[in-house]
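As structure tokens, the structure follows; a few thoughts come after it.
For the numbers below, each heavy atom of this structure counts, side chains included, while hydrogens, waters and symmetry mates do not. From a predicted model like this one, the values you see are computed outputs, not experimental measurements.
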Amino acid sequence: MTRVVLLALLSASVLLPALTAVAADYPTKPIELVVPWAPGGRADIIIRLFAANAGKHLPQPIVVVNKPGGSGATGTIAVMNAPADGHTLLAATVGGNVIRPLTASLPYRYDSFDPVGQITASTLILASKADRSWKNLTELVADAKKRATPPTFACPVGAIPHIAMVAIAQRGGVDLRLVPQQGDGPSVTAVLGGHVDTIIGSPAAILPHLKTGDMRALATFGEARDPALADVPTATEQGFPIVATPWTGIAAPKGTPPAVLARLRQVFEAVVREPEFVAGMDKLGERITPIVGEAFAARWKQDHDLWEGPARIVRK
């Protein structure tokens, strides 16, 4: 046995008990799970449901804390700078963690965190307040060509919804104006209040208002129609071949000990199988699509490569 191999084995024999001890002691206090968006949006709703069920599998509670600002940057930076001990986690989204760093000068990028797991990836919905005249995306674009004042849409700056609407405007040869919001919750409020014409966001935030009749769906952005909205044509069906399925998941600060990450991923896999969590997600119209650990990290890289080019159209 070579000296290098021997030293490696000795190092591993010392390190393994230490890591095991870290995992056994973790967590030693409540875990703060930061949602970098305002309350009431898709990520906030999903993460609160996740945290409530995670308490069944941990000796300490998970406390959800909203830290909105900077289109997700404020809370994300707070987690990035937190101790990498597993006691501060991030509600990660493709918009906030992959797209936003491509469209603005930020101190983090897609690989600045340790991914724990993807909870769900859902189809975007474009909807308007029910009293607007448009029945679908085609009618919205046609009307935009006639109007002196462009129709407005609500969503966070630089996220996939923003990029999707810019792509629609470019393809349709029209002006669609963004009214920036700090998440789905404020976007819903702006549309229901009549301050913004449309919202492009998640089923969790929009479906309840479609069911009450306060909003009307104009398009979805999946490869096929969403089963929960079978009567609503996709953007592709309406001549706008744009597919966007934003994900929401959990991440930890870079450098979190492997044993702690392994414990978090173990808890994650247990939570997404909890009957109460499954039922809650189904009620929200969200499908659970778990991807864990390194496979989730690969998804971040894949989406970074996919959206890097389109993100240039909204880069400031």
Begin with the C-alpha distance, continue with both residues' side-chain angles, and end with the deciding distance and a verdict on side-chain hydrogen bond (donor to acceptor under 3.5 Å, both in side chains) for Arg273 and Asn53.
-> CA-CA 10 Å; Arg273 293 194 298 266; Asn53 283 273; over 6 Å; no
Evaluate salt bridge (Lys or Arg N to Asp or Glu O under 4.0 Å) for Lys67 paired with Glu32, printing each intermediate quantity in order.
-> CA-CA 11 Å; Lys67 293 184 179 180; Glu32 184 176 283; 3.3 Å; yes
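In this structure, Pro151 and Arg132 have side chains that are not in contact, with every pair of non-hydrogen atoms separated by 4.5 Å or more. Annotation: side chain of Thr245 is not in contact with side chain of Ile160 (no heavy-atom distance under 4.5 Å). Within the 4.5 Å cutoff, side-chain heavy atoms of Arg287 are placed close to those of Pro227. For the pair Leu192 and Met215, the minimum side-chain heavy-atom distance is below 4.5 Å.
Thr88 OG1 to Leu33 CG: the interatomic distance, rounded to the nearest 0.5 Å, is 10.0 Å.
When only modelled atom types and interatomic distance are considered, Ser128 and Asp197 share no side-chain donor-acceptor pair under 3.5 Å. A donor and an acceptor atom, one from each side chain of His57 and Glu274, are located under 3.5 Å apart. If you check the side chains of Asp143 and Trp134, you find a donor sitting under 3.5 Å from an acceptor. No donor-acceptor contact under 3.5 angstrom links the side chains of Thr93 and Arg100, judged on distance only. Remark: the Arg263 side chain and the Gln266 side chain contain an N/O donor-acceptor pair separated by less than 3.5 Å. Using modelled atom types, one finds no donor on one side chain facing an acceptor on the other under 3.5 Å when comparing Asp226 with Thr220. There is a side-chain donor-acceptor pair under 3.5 Å between Thr289 and Gln118.
In this structure, Lys254 places its NZ atom where more than 12 heavy-atom neighbours from other residues, nucleotides or ligands lie under 6.0 Å away. Surrounding CD of Glu276 are at most 12 heavy atoms belonging to other residues, nucleotides or ligands under 6.0 Å away.
A salt bridge links Arg109 with Asp111: at least one charged nitrogen is closer than 4.0 Å to a carboxylate oxygen. One finds a salt bridge joining Asp175 and Arg177 here, because a Lys/Arg side-chain nitrogen approaches an Asp/Glu carboxylate oxygen to under 4.0 Å. Salt-bridge formation is not detected for the pair Lys129/Asp214: no Lys NZ or Arg NE/NH1/NH2 atom is positioned less than 4.0 Å from an Asp or Glu carboxylate oxygen.
No donor-acceptor pair under 3.5 Å is formed between the side chain of Thr256 and the backbone N or O of Ala252. A donor-acceptor pair under 3.5 Å links the side-chain atoms of Tyr26 to the main chain of Gly86, judged by distance alone. In terms of modelled atom types and a separation under 3.5 Å, the side chain of Gln60 and the main chain of Leu58 share no donor-acceptor contact. Remark: side-chain polar atoms of Gln182 are not paired, donor with acceptor, to backbone N or O of Pro68 under 3.5 angstrom. Checked by atom type and distance alone, the side chain of Gln238 pairs as donor or acceptor with a backbone atom of Leu218 at under 3.5 Å. Looking only at distances, no side-chain donor or acceptor of His162 sits under 3.5 Å from a matching main-chain atom of Leu178.
The aromatic rings of Phe268 and Phe50 are tilted relative to each other, their planes meeting at an angle between 30° and 60°. Taking the six-membered ring where tryptophan is involved, the planes of Trp247 and Phe296 are perpendicular, since the angle between them exceeds 60° and thus also 30°.
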